[in-house]
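Presented below is the structure to which this report refers.
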2 protein chains.
Amino acid sequence: MTYDTIFTAIGDPTRRSVLEALRGNPMTVGMLAEKIPVSRPAVSQHLKVLREARLVTVTPKGTANEYAVDKTGLDEVRSWLDSMWDDALEAFKSHVENKSKN
Amino acid sequence: MTYDTIFTAIGDPTRRSVLEALRGNPMTVGMLAEKIPVSRPAVSQHLKVLREARLVTVTPKGTANEYAVDKTGLDEVRSWLDSMWDDALEAFKSHVENKSKN
DNA sequence: TTGTATCGTAAGTCATAACTTACCAATAAA
DNA sequence: TTTATTGGTAAGTTATGACTTACGATACAA
């Protein structure tokens with residue numbers, strides 16, 4: 001399941017900070033490292049996890065790598081959410097039916 | 001931010017297994033503990049985290065506690081997702097506009 | 001060619017969260 | 001009242017993942 005990777009990625013607070021920072025505009029590693037209270041190599045490591053989860057994209061620009069939000073991973077979250085929501089509604093409905101049968 | 005709690009909660013694979021198990025039908029701790037490869041007290045601890053994140057509800061039934069998916073937390077995920085999606089689209093749009101200005 | 005800027009990765013550290021067993025409280029049945 | 005079932009919590013263990021510093025590769029300017 002792809003969403004395992006995605007939710008594991010989002011599960012970390014620092015990685016959520018990275019996504020929050022990127023929601024406005026693409027940013028380089030250095031810029032992110034100035035904004036988020038961890039070392040630059042730590043930011044790189046987190047970006048790697050986010051990239052593998054398809055939550056960010058990277059575009060080399062000279063010596064700099066520019067990162068942006070990748071909607072692919074967000075799509076997966078939405079699919080999971082819709083599916084989860086539907087099932088929860090279904091379970092609630094049949095639960096109520098069972099209840100009114102007793 | 002409430003969604004910090006939620007995403008931290010979903011970040012754990014065992015807790016995701018719990019949610020997967022509950023998507024079909026409400027279940028008791030004991031039932032969950034049979035289905036998921038961890039001890040029953042571990043399940044209890046995870047359920048506590050999920051409850052505080054508003055991802056599950058608990059209904060005492062005699063000596064048993066029945067847990068079910070709570071749509072409140074799912075709603076938060078949806079809000080975050082929509083907001084994230086909109087911002088990412090906006091950023092992409094203004095990024096393209098900047099690009100065509102250069 | 002040298003120097004500078006940028007960043008990925010290796011290697012090391014260690015706090016913490018996910019696990020366990022043990023204990024006990026609450027509920028229900030006998 | 002006693003016994004059985006169920007589950008929350010305490011306390012202890014430890015693997016791991018989030019952090020750091022160090023190193024070196026790549027791109028670009030001088």
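Letters A, B, ... mirror the listed sequences (proteins, then strands); counts begin at 1. What you see below is based on every heavy atom in this structure, not just the backbone, and it leaves out hydrogens, waters and symmetry mates.
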Note to self: Does B:A64 reach a base, just sugar-phosphate, or nothing at all? Heavy atoms under 4.0 Å.
What the structure shows: sugar-phosphate
Item checked: B:V43 or A:V43, whichever maps to the more 5' nucleotide of DNA chain D -> B:V43
Contact check, side chains of [X] and [Y], non-hydrogen atoms, under 4.5 Å:
| X | Y | result |
| --- | --- | --- |
| B:W80 | A:I10 | yes |
| B:T8 | B:V49 | no |
| B:L47 | B:V58 | no |
| B:K48 | B:V56 | no |

Next item on the list: Within residues 45-54 of chain A, find the residues that approach DNA chain C with a heavy atom at under 4.0 Å, and present them sorted by residue number.
Entry: A:Q45, A:K48
Item checked: Presence of salt bridge, A:R78 and B:D82, under 4.0 angstrom -> yes
Margin query: For the backbone of A:D75 and the side chain of A:R54, can you confirm whether one donor and one acceptor N or O come within less than 3.5 Å of each other?
Written below: no
Note to self: Please identify which of these residues, B:R15, B:R51, B:R16, meets the side chain to side chain donor-acceptor pair (under 3.5 Å) condition with B:H46.
What the structure shows: B:R15
Checklist line | Test side-chain contact (heavy atoms from CB on, under 4.5 Å) applied to A:F7 and B:D12, step by step | finding: CA-CA 8 Å; A:F7 283 117; B:D12 177 71; over 6 Å; no
Notebook entry, point to check: Looking only at heavy atoms, what is the nearest atom pair of B:I6 and B:A53, with distance?
Noted result: CG1-O, 3.4 Å
Next item on the list: Could you tell me the separation between the CG atom of A:N65 and the OG1 atom of A:T28, rounded to the nearest 0.5 Å?
Entry: 9.0 Å
Check: Going 5' to 3' along nucleotides 22-30 of chain C, which nucleotides have protein heavy atoms under 4.0 Å from the base (write B), which only from the sugar-phosphate (write S), and which from neither (write -)?
Finding: B----BS--
Check: Where does the chain A footprint on DNA chain D start and end, counting 5' to 3' with a 4.0 Å heavy-atom cut-off?
Finding: D:dA18 to D:dC28
Margin query: Go nucleotide by nucleotide along DNA chain C from the 5' end; which of B:S39 and A:G30 gets its closest nucleotide reached first?
Written below: A:G30
